[in-house]
There are 2 protein chains.
Amino acid sequence: MARAGVTAERLTQAAADLADEIGFQNVTVSALARGFGVKPAALYFHIRDARDLRVRLAALALTELADRAAAALAGRAGKDALVAFANAYREYAKEHPGRYAAAQVEIDPGGPAAVPARRHAEMTRAILRGYDLPEPDQTDAVRMLHSTFHGYVSLETAGGFSHHPREADASWRRTLDALDSVLRNWPPA
Amino acid sequence: MARAGVTAERLTQAAADLADEIGFQNVTVSALARGFGVKPAALYFHIRDARDLRVRLAALALTELADRAAAALAGRAGKDALVAFANAYREYAKEHPGRYAAAQVEIDPGGPAAVPARRHAEMTRAILRGYDLPEPDQTDAVRMLHSTFHGYVSLETAGGFSHHPREADASWRRTLDALDSVLRNWPPA
DNA sequence: TCGCCCGCTTACAGCTTTTAAGTATTTGCA
DNA sequence: TGCAAATACTTAAAAGCTGTAAGCGGGCGA
């Protein structure tokens, strides 16, 4: 029988696509193996275990997210940068719900997902360049931004906003207005 | 053999405690049955399936969260109310990580978790009484608040803030300052 | 006291992860 | 070219999970 040509990279890619299709929680070693037409045991020659697969998937998602963020931020500053970053973030989560969910797994600071995670964090910090905040306010603001973006997308995905007539898009835009406003007028300690 | 006295309520309570101990994702019908000293199959006479158990757990957590929010808001207004609510929210998530995770499951609007979910949403809206925002800004602000609280707690729990010397507590307080500030100066459309 | 129902057990099917051992294919080197 | 070693995959199997079906027995109502 011909070999299937499975590699860790192709597994991770396939797992990402599968996650977007059927949900991150439903990505199993077995389902992945079926997609490649091999037995589940075959995958263990390429990945250590299911957890390893999830970490690789998280790294993939964080890398893609950082790439999009970088593209959105290029040549922009101030509110332009904030809005472009935020929209890139939200659109990624909507286009790739499975990947986005994968990016939220707990990240081992020494592990292979730590690098793209750090890069993603640096992108978020770059939003603030135009706002000129001193430390430690800058760190506080980065955390607030990240929290708001992640919280909004996460609640929206879970259907938290769907039972009120107000459009989620409209609230999102106004939330970004509010964030821009508070960054420009950051309260004194 | 003596009967174990299993009921749906006791199962849900035990599941909540178990979730806080070993994590929401690790709460299984089997593990729960072990805790009651019965076989897994016995539980299916009290709950429909594993999903049903998770929904009941979510309802429990949302009810407790709404209770805490109500207690925090009682007799407070403006920033006092905002800070009290936010701290109650964050403390609940820290004390009961498993319950908190359960509260984030996707909620069927017609299901039994919809009632406590709505109550929780109303509590969040009550924060804004002191800020006097007209609709639809009020809805937008509620969504922003909820997003920020949930996002912050969720990222903090996942260890997202642990690799920077700045204390997560300090950033939290400053984030609340910023939210108060932006609610008092809500940007015009 | 009798009988029935309810709460549990056993048994089982089918799914998952993961390890171990065996087989076949491909690669690299002489 | 041909052989040996490394690699990719298979089968087999253990252990745990969800969920269904059938059976048993204790306690409650009549």
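If you're wondering where the values come from, they're calculated on a predicted model, not measured in any experiment. A, B, ... follow the sequence lines: proteins, then strands. Residue 1 opens every chain. Side chains are part of it too, since the values below use all heavy atoms of this structure and drop only hydrogens, waters and symmetry mates.
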Task: Whole-Å gap separating C1' (C:dC12) and OH (B:Tyr44) - done: 14 Å
Open item on the list: Without decimals, in angstroms, what is the distance between A:Leu43 CG and D:dC9 P?
Closed with: 9 Å
- [ ] May I ask you to decide whether B:Arg90 forms a salt bridge with B:Glu156, counting only side-chain N to carboxylate O separations under 4.0 Å?
- [x] yes
Open item on the list: When you measure from the side chain of B:Arg119 to the backbone of B:Leu62, do you find a donor-acceptor pair of N or O atoms at a distance under 3.5 Å?
Closed with: no
Task: Stretch residues 100-108 of chain B: residues that reach within less than 4.0 Å of DNA chain C through a heavy atom - done: none
Open item on the list: Just the rounded figure in Å: distance from C1' of C:dC8 to CD1 of B:Ile47.
Closed with: 15 Å
- [ ] Let me know the distance between CG of A:Asp52 and P of C:dT17, rounded to the nearest Å.
- [x] 14 Å
Open item on the list: Under 4.0 Å between a side-chain nitrogen and a carboxylate oxygen: does that hold for A:Glu95 and A:Arg68?
Closed with: yes
Open item on the list: By the 4.0 Å heavy-atom rule, please label B:Ala50 as base, sugar-phosphate, or nothing.
Closed with: sugar-phosphate
- [ ] For the pair A:Arg143 and A:Asp140, find out whether any cationic side-chain nitrogen is under 4.0 Å from an anionic carboxylate oxygen.
- [x] no
Open item on the list: What I want to find out is whether B:Asp177 reaches B:Arg173 closely enough, with some N-O distance under 4.0 Å, to be called a salt bridge.
Closed with: no
TODO: Figure out the CZ/C1' separation between B:Arg10 and C:dG7, and round it to whole Å.
DONE: 13 Å
TODO: Supply the atom-to-atom distance A:Arg99 CZ to A:Thr63 OG1, rounded to the nearest 0.5 angstrom.
DONE: 11.5 Å
Pairwise N/O distances under 3.5 Å, protein to nucleotides 5-8 of chain D:
residue : atom : partner : partner atom : Å
D:dT7   : O2   : A:Arg3  : NH2          : 2.9
D:dA8   : O4'  : A:Arg3  : NE           : 3.4
D:dA8   : O4'  : A:Arg3  : NH1          : 2.6

- [ ] Indicate whether any N or O donor in one side chain lies under 3.5 Å from an N or O acceptor in the other, for B:Asn87 and B:Trp172.
- [x] yes
Open item on the list: Could you check, using the six-membered ring where one of them is a Trp, whether A:Tyr100 and A:Tyr89 have ring centers closer than 6.0 angstrom?
Closed with: yes
- [ ] May I ask you to list the residues of residues 17-39 of chain B, by number, that have any heavy atom positioned under 4.0 Å from an atom of DNA chain D?
- [x] B:Thr28, B:Val29, B:Ser30, B:Arg34
Task: Rounded distance in Å - CZ (A:Arg54) to C1' (C:dT18) - done: 13 Å
- [ ] Go through the side-chain N and O atoms of B:Ser154 and A:His150 and say whether any donor and acceptor fall under 3.5 Å apart.
- [x] yes
Open item on the list: Closer than 4.0 angstrom, basic N to acidic O: yes or no for A:Asp132 and A:Arg184?
Closed with: no
Open item on the list: Can you confirm whether the side chains of A:Arg166 and B:Thr139 place a donor and an acceptor under 3.5 Å from each other?
Closed with: no
